[in-house]
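Any value given below was found using the heavy atoms of this structure, including those in side chains, with hydrogens, waters and symmetry copies removed. Below, read A as the first sequence line, B as the second, and so on, with proteins coming before strands; counting in each chain starts at 1.
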Protein chains: 2
Amino acid sequence: MAAVSKVNTAEQGASPAELRALDSRDEILKAAIELFANRGFHETSMAEVARAANVSKALIFWHFKTKEDLFMAVLSRLLEPYAIDFAEEAGALDEVAQLTRLIELYLMFVRDNAGSIRFFVAQLLRGELASDALTGPVMQLYEGYRALLVDLIGRAQARDLCLKDFPAAAVARMLLSMLNGILIGMLFAEDESADVASAIAMIRQWLFGAHAGAATDGPAAS
Amino acid sequence: MAAVSKVNTAEQGASPAELRALDSRDEILKAAIELFANRGFHETSMAEVARAANVSKALIFWHFKTKEDLFMAVLSRLLEPYAIDFAEEAGALDEVAQLTRLIELYLMFVRDNAGSIRFFVAQLLRGELASDALTGPVMQLYEGYRALLVDLIGRAQARDLCLKDFPAAAVARMLLSMLNGILIGMLFAEDESADVASAIAMIRQWLFGAHAGAATDGPAAS
DNA sequence: TAACTTATTGACCGGATGGTTAGGCCCGTG
DNA sequence: CACGGGCCTAACCATCCGGTCAATAAGTTA
């Protein structure tokens, strides 16, 4: 519990004092992340953060000018894994495989980041603080993903690979709704739900009908 | 803003003093609902509630023993419209019509109660307070709805009225995911989204395929 | 070692918050 | 009319919170 894990993510050329400073700053950030995420902003006091980080309260104010500053630092730290480039291995695969891969990516991402996602959604819903610093990156990510879906679905429709009863934008919106629904299911029931595979199967059935190609890989990897 | 609306929901045989008491209690509750829902528990001070209700702070503590008491009262008041009996006009309609009606009911309910739903979801996500008093009723409602869906879908499958590629429970779960996804879409984009109709159309297409009967009514009523 | 910068702390401050109390007002009842 | 109880309030209290500050330890440099 009181383990003093030297984090040592610092730059290489740095004096030991600076190293220690970075270390303490990191310890504060870790404690703040834990507390802010589990209790929220207003319910977490700086004294608690200080105690959890084994630091004096004043030191926190030396590293971060104000409580909101600390919160922003926590936010951006939590947002780091959200910098994903969904449009990666685009080239070789056909539209169906790419769509399947995108869906898997979404669900895997949700599974791996359930904690911070829960925090962010709560934060977004109640626009209490820093909703701007959140809506920006989140919306950007979301819109990028959506645009990719629309494009892929449109091309798949053109090649008669997926359902064409509705415009691509509508299909993409519906697909996103499904994914978001599964997301909140995963947020509320943290049992390692293996039915994600079944959900993927049903989505593919809906999207591609009989076109159930072998696609990429198994949907869930540890 | 400072309108003194006599609510008068009291019992008939009551002294004017008691009437006034009930009235003030109601005024406090209304103000508390407004504040708690828009700012949350910890961000709302009793002084604010008092000011918003045109009452002295002490009076609040006379009506409600503690701040948490007031919050619980707000919770149960907000939960009142959630006491729905989905299994209402069951008899005459066939399974497809009933399912369509259930879907419409869900979405209309979400549209009409977006405010409190947003509040509840945030409250549930961050289990900060009274999560027990919430999870109980909410889960009960949710499970009832789900059971109804499973039953209806099972019977529809038996009569070959909807897609049979997956067990009824899985289809119901997927349908719920879709609805929840649409829900959070409505929670985040408060523009009176008319695309709910399109979503319903896509769901029906998915569930019933070509079986697109005339169903009940227009999906959205003022 | 002396001067100087950087980290870190305990003690402190003004303000706000949840909660209390002593006392007034109002009204039905003897 | 007095009086007693339900309704309501101004003033008060203890506590906690975000934030500041003077002092000090820990290098670093000259």
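- Using a 4.0 Å cut-off, no side-chain N or O of B:S56 falls inside it from OP1 or OP2 of D:dC8.
- Considering B:N180, B:I182, B:L149 as possible partners of B:Y106, the one that fulfils the side chain to side chain contact (heavy atoms under 4.5 Å, CB included) test is B:N180.
- The nucleotide whose nearest atom lies closest to any side-chain atom of A:A58 is, among D:dT9, D:dT20, C:dA7, D:dT20.
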| said: Assess the residue pair B:R111 and B:V196 against the criterion (side chain to side chain contact (heavy atoms under 4.5 Å, CB included)); give the C-alpha distance rounded to whole Å, side-chain angles, the decisive distance to 0.1 Å, and a yes or no. | reply: CA-CA 10 Å; B:R111 185 200 54 188; B:V196 167; over 6 Å; no
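- The side chain of B:V55 has D:dT9 as its nearest neighbour among D:dT9, C:dT8, D:dG18.
- A straight line from CD of A:E43 to P of D:dG18 spans 11 Å, rounded to a whole angstrom.
- OP1 and OP2 of D:dG18 both lie 4.0 Å or more from every side-chain N or O belonging to A:H42.
- Per the geometry, NZ belonging to B:K57 stands 10 Å off C1' belonging to D:dC13, to the nearest Å.
- Formation of a donor-acceptor pair under 3.5 Å by the B:Y145 side chain with backbone atoms of B:L102 is found in this model.
- One interatomic measurement links the two molecules: CD of B:E27 to P of D:dT9, which rounds to 12 Å at whole-angstrom precision.
- The two residues B:M202 and A:A170 come nearest to each other via the heavy atoms SD-O, 3.7 Å.
- Atom pair A:F71:CZ and D:dG19:C1' shows a separation of 19 Å (rounding to whole Å applied).
- Note: CG (B:L70) to P (C:dT17) measures 15 Å, nearest angstrom.
- Atom CZ in B:F64 sits about 14 Å away from atom C1' in D:dC7, given to the nearest Å.
- Between the P atom of C:dG18 and the CG atom of B:D69 lies a distance of 14 Å, rounded to the nearest Å.
- Across the interface with DNA chain D, nearest-nucleotide mapping of A:K65 and A:E48 shows A:E48 to be the residue nearer the 5′ end.
- Atom CG in B:D23 sits roughly 9 Å away from atom P in D:dC8 (whole-Å rounding).
- Phosphate proximity of D:dG19 to A:T66: present, with a side-chain N or O under 4.0 Å from OP1 or OP2.
- OP1 and OP2 of D:dC7 both lie 4.0 Å or more from every side-chain N or O belonging to B:S24.
- Nearest heavy atoms, A:A133 versus A:L79: O-CD1, 4.1 Å.
- The side chain of A:L59 lies closest to C:dA7 when the candidates are C:dG19, D:dT9, C:dA7.
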